Protein chains: 2
Amino acid sequence: MTIMRKTSANARAAAKDATHDRIVGVAARAIRRSGYAGTGVADIMKEAGLTHGAFYSHFPSREAMLAEAAAAACAESVANAAEVAASAPPDEALDAMLAAYLSKKHVEQLETGCPLAALGSETSRQAPEVRRIVTRHIKAAADLIARQSADWGQQSAHERALMTLSTMVGAVVLARAVDEPALSDSLRKAALKHLTSSGH
Amino acid sequence: MTIMRKTSANARAAAKDATHDRIVGVAARAIRRSGYAGTGVADIMKEAGLTHGAFYSHFPSREAMLAEAAAAACAESVANAAEVAASAPPDEALDAMLAAYLSKKHVEQLETGCPLAALGSETSRQAPEVRRIVTRHIKAAADLIARQSADWGQQSAHERALMTLSTMVGAVVLARAVDEPALSDSLRKAALKHLTSSGH
DNA sequence: GCATGCGTATGATGACCATCATGCGAAAGA
DNA sequence: TCTTTCGCATGATGGTCATCATACGCATGC
């Protein structure tokens with residue numbers, strides 16, 4: 001009758017939790033690769049090394065699983081950005097984040113990159129739960145940016161952070177959409193130049 | 001034996017062309033509302049007042065139709081922006097475009113708005129034909145922006161136009177994704193303020 | 001006016017989808 | 001060791017999808 005959550009003393013439950021996390025991890029990459037609409041239950045379970053039948057012992061519905069996957073992708077993405085910022089000199093932290101976000105590598109690796117860029121335009125069509133999670137993520141990302149540029153005063157920093165985030169996301173979205181590598185590079189570099197130099 | 005294109009003397013063919021255009025028009029709105037992946041053949045035909053069977057006498061495949069729909073949406077969007085620019089005093093043209101693009105109305109009307117904002121992150125997963133069309137559209141939009149700000153010299157204007165476009169698209173994508181109206185407004189206004197004031 | 005052509009409708013096909021009922025097999029607890 | 005539990009697999013269900021074969025009915029051209 002004991003109610004156990006998260007870490008269970010029970011080895012069985014621990015194994016189930018591990019499987020659950022593995023499915024979520026696979027799904028977090030799948031949604032960025034194929035989009036919310038393009039990600040099916042069977043695909044994910046197969047990629048996780050399971051059969052489709054086991055799915056509903058881990059999630060109440062496909063929708064719930066998309067929400068968990070979105071949360072995982074968002075958490076991973078913000079943590080990654082925070083680490084980039086932390087491992088650079090404080091006065092270069094913002095530039096380091098911008099360089100990483102607007103790098104060719106990030107544009108190419110959509111599957112492990114920022115979910116805002118990979119799923120941005122699909123988000124408005126998702127369930128409320130997903131939108132709630134993404135909204136929290138956007139706030140966290142904007143705060144992280146604003147914190148790296150405290151020299152502009154509170155109000156202005158927050159406003160500027162929202163604009164910076166918009167430019168970052170838009171540039172990566174367009175750089176990925178385009179089918180000409182040269183234009184893709186130009187989009188990245190134009191955003192990078194104007195975001196770093198205009199901060200002078 | 002006479003080969004007729006576009007406008008046919010034949011009334012039958014003209015009616016078919018009209019139907020074709022009606023389907024494309026419906027589809028151009030449907031893809032922005034529901035995404036590429038969320039737009040089915042049957043949905044579109046029903047919305048056009050036809051049954052699904054007639055579809056394949058108008059298009060060789062669903063994919064071909066998505067490409068035509070994307071082209072129509074892009075053309076409509078660029079024409080609309082050009083009109084906004086043309087009906088304003090030359091030195092206020094860019095600001096007028098920005099105000100319209102970053103308006104609350106545009107954020108709310110995704111079905112008739114900019115396809116880059118409505119479909120941006122889905123584009124990288126589409127057929128080459130769609131990506132080609134979108135690439136052309138991005139170039140046209142950037143050119144239109146650059147033309148309204150010739151005072152910065154050729155090279156700089158083009159680079160700045162790419163950045164401006166990225167910010168516009170990113171801001172609208174995020175403003176739509178978010179589920180808090182206040183944050184949505186902040187995203188729009190932050191982009192608007194920084195794009196218009198930083199221009200001098 | 002009659003026959004022909006062609007745009008559209010009906011209906012079928014097979015693939016894929018989310019969801020769930022049931023059964024197996026291994027680990028947990030006694 | 002015996003029984004109970006439960007994570008996972010098998011397989012079925014009903015729905016939706018893109019695609020196509022066929023049939024109808026009206027407008028066109030003789």
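For clarity, every value in this text was computed on a predicted model and none was experimentally measured. Naming convention: chains lettered A, B, ... in sequence-line order (proteins, then strands); numbering from 1 in each chain.
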For this session: Can you check each nucleotide of nucleotides 17-22 of chain D against protein heavy atoms at under 4.0 Å and return B for base, S for sugar-phosphate only, - for none, in 5' to 3' order?
Result: -SBB--

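Applying the salt bridge (charged side-chain N to carboxylate O under 4.0 Å, His left out) test to pairs two or more places apart or on separate chains, none has a residue in residues 63-73 of chain B.
Rounded to an integer number of Å, the gap from M45(B) CE to dT10(C) C1' is 13 Å. Counting to the nearest Å, the C1' atom of dT8(C) and the CZ atom of F59(B) are 14 Å from each other. The interatomic distance linking K46(B) (NZ) with dA9(C) (C1') rounds to 14 Å, in whole Å. One can place CG of L50(B) at 17 Å from P of dG25(D), the figure rounded to the nearest angstrom.
Checking dT8(C), dC8(D), dT10(C) against the side-chain heavy atoms of H58(A) singles out dC8(D) as nearest.
No side-chain heavy atom of F59(B) sits under 4.5 Å from any side-chain heavy atom of V41(B). A 4.5 Å side-chain heavy-atom check between T51(B) and M45(B) finds every atom pair outside the cut-off.
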For this session: For DNA chain D, produce a single dot-bracket line, 5' to 3'. Pairs: Watson-Crick or G-U wobble, both distances under 3.5 Å. Symbols: ( ) within strand, [ ] crossing, | other strand, . unpaired.
Result: ||||||||||||||||||||||||||||||

Can you give each donor-acceptor pair under 3.5 Å made by side-chain atoms of residues 75-102 of chain A, sequence neighbours left out, with the distance rounded to 0.1 Å?
{"unit_1": "S87(A)", "atom_1": "OG", "unit_2": "E83(A)", "atom_2": "O", "d": "3.0"}
{"unit_1": "S87(A)", "atom_1": "OG", "unit_2": "V84(A)", "atom_2": "O", "d": "3.4"}

Exercise answer: donor-acceptor pairs, residues 168-180 of chain A side-chain atoms, under 3.5 Å, sequence neighbours excluded:
{"unit_1": "R176(A)", "atom_1": "NE", "unit_2": "V107(A)", "atom_2": "O", "d": "2.9"}
{"unit_1": "R176(A)", "atom_1": "NH2", "unit_2": "H106(A)", "atom_2": "O", "d": "2.8"}
{"unit_1": "D179(A)", "atom_1": "OD1", "unit_2": "T135(B)", "atom_2": "OG1", "d": "3.0"}
{"unit_1": "E180(A)", "atom_1": "OE1", "unit_2": "K139(B)", "atom_2": "NZ", "d": "3.0"}
{"unit_1": "E180(A)", "atom_1": "OE2", "unit_2": "K139(B)", "atom_2": "NZ", "d": "2.8"}

For this session: Apply side-chain contact (heavy atoms from CB on, under 4.5 Å) to H194(B) and T167(A), showing your working.
Result: CA-CA 11 Å; H194(B) 284 264; T167(A) 308; over 6 Å; no

Problem set entry | Residues Y36(A), R125(A); criterion side-chain contact (heavy atoms from CB on, under 4.5 Å); working and verdict | CA-CA 10 Å; Y36(A) 290 111; R125(A) 292 187 282 272; over 6 Å; no

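When all heavy atoms of T39(A) and A30(A) are compared, the pair lying nearest together is OG1-O, 3.5 Å. Across every non-hydrogen atom of L187(B) and S166(A), the tightest pair is CD2-OG, 3.9 Å. The two residues T123(B) and R131(B) have their closest heavy-atom pair at O-CG, 3.5 Å.
Listed by residue number, the members of residues 31-38 of chain A with any heavy atom below 4.0 angstrom from DNA chain D form an empty set.
Under 4.0 angstrom from either OP1 or OP2 of dT8(C) there lies at least one side-chain N or O belonging to T19(B).
A salt bridge links E129(B) with R132(B): the closest approach of a Lys/Arg side-chain nitrogen to an acidic carboxylate oxygen falls below 4.0 angstrom.
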